[in-house]
Amino acid sequence: MDVDPRQYEHIAINDNDIHNIVLSYLVHNCYKETVDSFISCTGMKQPANCLEDMEMRKRILHFALEGNALKAIELTEELAQDLLEKNKDLHFDLLSLHFVELVCSRKCTEALEFAQTKLTPFGKVQKYVEKLEDFMALLAYEEPEKSPMFHLLSLEYRQHVADNLNRAILAHAERPRYAAMERLIQQTTAVRQCLSQELGKDVHRPFSLKDFMKS
């Protein structure tokens, strides 16, 4: 059953909890200047390791999003030495970003050579075979942006890889992979979806976070 919005006013929420949730989100996403301002405005005490690696993570994510994946790999290996060695999926995705950048720059010969030396070795593991085929197929098109694999060239794909990289770096440092705000939204969505299923499809529409945020 939906809660009457008027009842929300009677649910007490500690300001410190809200501040910690917001701070967690800002630190997770490397908004250093905003973190400094937020801490100053709220009078919060800065967590001991709050800004420890934020600037380096910010640089790494910037390079990944801007297409300079090799620099992102270099800095990641400085910050978390054995991370990419242990996380082959992430290493493959970062290398694929460089391959895509070469394809977009129409450096097809260089892209092919890079694929042969850096990506092909992953083909020894079955789960990478299909991915390799998709990336290599980009070389067959004069305009890869119009190919069936165009999504591999998109900002959304780079953002996906960058988000996974950020979470992996945080986990490597034994810190939460997700910001508290993300976890709360995930939990809220899951609970509301379960409640909708429990009450029956004919009684309530499936829960939509997007619609909920508009309400």
Side-chain angles (χ1 to χ4, degrees), residues 21-35 38 51 53-80 83-84 86-107 111 114-115 118-119 122 127-128 130-138 141 143-173 175-190 208-210 212-214:
I21 290 170
V22 173
L23 181 62
S24 166
Y25 176 82
L26 296 175
V27 171
H28 178 91
N29 290 286
C30 305
Y31 298 133
K32 185 178 183 302
E33 293 80 7
T34 308
V35 167
F38 185 74
L51 308 178
D53 64 357
M54 197 187 313
E55 192 59 41
M56 179 68 93
R57 281 193 297 116
K58 184 176 181 178
R59 291 180 63 202
I60 290 172
L61 300 181
H62 170 77
F63 284 124
L65 288 170
E66 292 300 313
N68 194 345
L70 296 186
K71 187 64 176 179
I73 290 173
E74 177 187 334
L75 294 180
T76 298
E77 290 175 340
E78 289 181 19
L79 182 62
L83 172 60
L84 298 181
K86 293 180 177 179
N87 194 331
K88 297 298 184 183
D89 290 351
L90 182 57
H91 194 191
F92 177 88
D93 288 343
L94 286 168
L95 291 171
S96 75
L97 289 184
H98 182 66
F99 174 81
V100 164
E101 190 64 23
L102 292 174
V103 171
C104 290
S105 300
R106 303 300 190 264
K107 299 178 180 179
F114 179 80
K118 297 296 185 180
L119 294 179
F122 285 86
K127 67 177 180 178
Y128 295 114
E130 186 176 345
K131 289 184 176 182
L132 278 169
E133 290 174 348
D134 286 345
F135 282 108
M136 295 304 293
L138 291 170
Y141 294 87
E143 297 181 90
E145 298 85 356
K146 296 181 181 179
S147 73
M149 287 69 65
F150 70 93
H151 63 282
L152 298 174
L153 313 179
S154 67
L155 175 60
E156 287 75 14
Y157 178 70
R158 293 201 301 273
Q159 185 68 61
H160 170 73
V161 175
D163 288 343
N164 286 341
L165 175 58
N166 190 34
R167 285 193 283 267
I169 291 173
L170 289 168
H172 185 273
R175 289 158 64 186
R177 292 174 60 89
Y178 293 87
M181 187 180 298
E182 292 178 274
R183 283 301 192 195
L184 283 171
I185 292 173
Q186 290 169 343
Q187 184 176 8
T188 299
T189 301
S208 166
L209 178 63
K210 183 178 180 179
F212 177 76
M213 296 296 288
K214 291 179 180 178

Cys104 backbone acceptor or donor facing Arg106 side chain under 3.5 Å: yes

Residue that, paired with Asp163, satisfies side chain to side chain donor-acceptor pair (under 3.5 Å) out of His160, Gln159, Arg167: Gln159

Partners passing ring pair (Phe, Tyr, Trp, His ring centres under 6.0 Å) against Phe114 (at least two apart in sequence or in another chain): His98

Gap separating the OH atom of Tyr25 from the OG1 atom of Thr34, nearest 0.5 angstrom: 10.0 Å

Side-chain touch Phe63/Ile73, heavy atoms, less than 4.5 angstrom: no

Between NZ on residue Lys71 and CG on residue Leu94, distance to nearest 0.5 Å: 14.5 Å

Evaluation steps, side-chain contact (heavy atoms from CB on, under 4.5 Å), between Tyr31 and Met54: CA-CA 8 Å; Tyr31 298 133; Met54 197 187 313; 6.0 Å; no

Closest non-hydrogen atom pair, Cys30 against Arg57: SG-NH1, 3.2 Å

Validation row: Phe150, Tyr157 side chains within 4.5 angstrom (heavy atoms): no

Nearest-0.5 Å distance, NZ of residue Lys32 to CG of residue Leu26: 12.5 Å

side-chain contact (heavy atoms from CB on, under 4.5 Å) evaluation trace for Phe122 with Leu95: CA-CA 11 Å; Phe122 285 86; Leu95 291 171; 3.7 Å; yes

Side chain to side chain contact (heavy atoms under 4.5 Å, CB included) partner of Ile169, chosen from Leu61, Ile60, Leu75, Leu90: Ile60

Main-chain N/O of Ala168 paired with Asn87 side-chain donor or acceptor, under 3.5 Å: no

With sequence neighbours excluded, residues passing salt bridge (charged side-chain N to carboxylate O under 4.0 Å, His left out) with Lys86: Asp82

Close side-chain approach of Ser24 to Tyr178, heavy-atom, < 4.5 Å: no

N-O pairing of Asp53 and Arg175 below 4.0 Å: yes

Pairwise side-chain contact, Leu170 with Pro176, heavy-atom cut-off 4.5 Å (strictly under): no

Which residues share a ring pair (Phe, Tyr, Trp, His ring centres under 6.0 Å) with His91, sequence neighbours left out: none

Chi angles and distances behind the side-chain contact (heavy atoms from CB on, under 4.5 Å) call for Arg59, Leu79: CA-CA 11 Å; Arg59 291 180 63 202; Leu79 182 62; over 6 Å; no

Under 3.5 Å: donor-acceptor pair, side chain of Glu77, backbone of Glu74: no

Crowding at CD, Glu78 (>12 non-hydrogen neighbours, <6.0 Å): yes

Spatial distance of atom CG (Leu152) from atom OG (Ser147) [nearest 0.5 Å]: 7.5 Å

Residues Glu143, Lys146: salt bridge by 4.0 Å N-O rule: yes

Nearest-0.5 Å distance that lies between atom OG1 in Thr76 and atom NE2 in His172: 10.5 Å

Glu101 CD to Lys107 NZ distance, which is reported to the nearest 0.5 Å: 8.5 Å

Candidate pair Phe135 and Met149, rule side-chain contact (heavy atoms from CB on, under 4.5 Å), full reasoning: CA-CA 8 Å; Phe135 282 108; Met149 287 69 65; over 6 Å; no

Donor-acceptor under 3.5 Å (Tyr128 side chain, Leu119 main chain): no

Enclosure of Phe38 CZ (heavy-atom neighbours >12, cutoff 6.0 Å): yes

Any donor-acceptor pair under 3.5 Å from Arg158 side chain to Leu65 backbone: yes

Pairwise side-chain contact, Leu70 with Leu97, heavy-atom cut-off 4.5 Å (strictly under): no

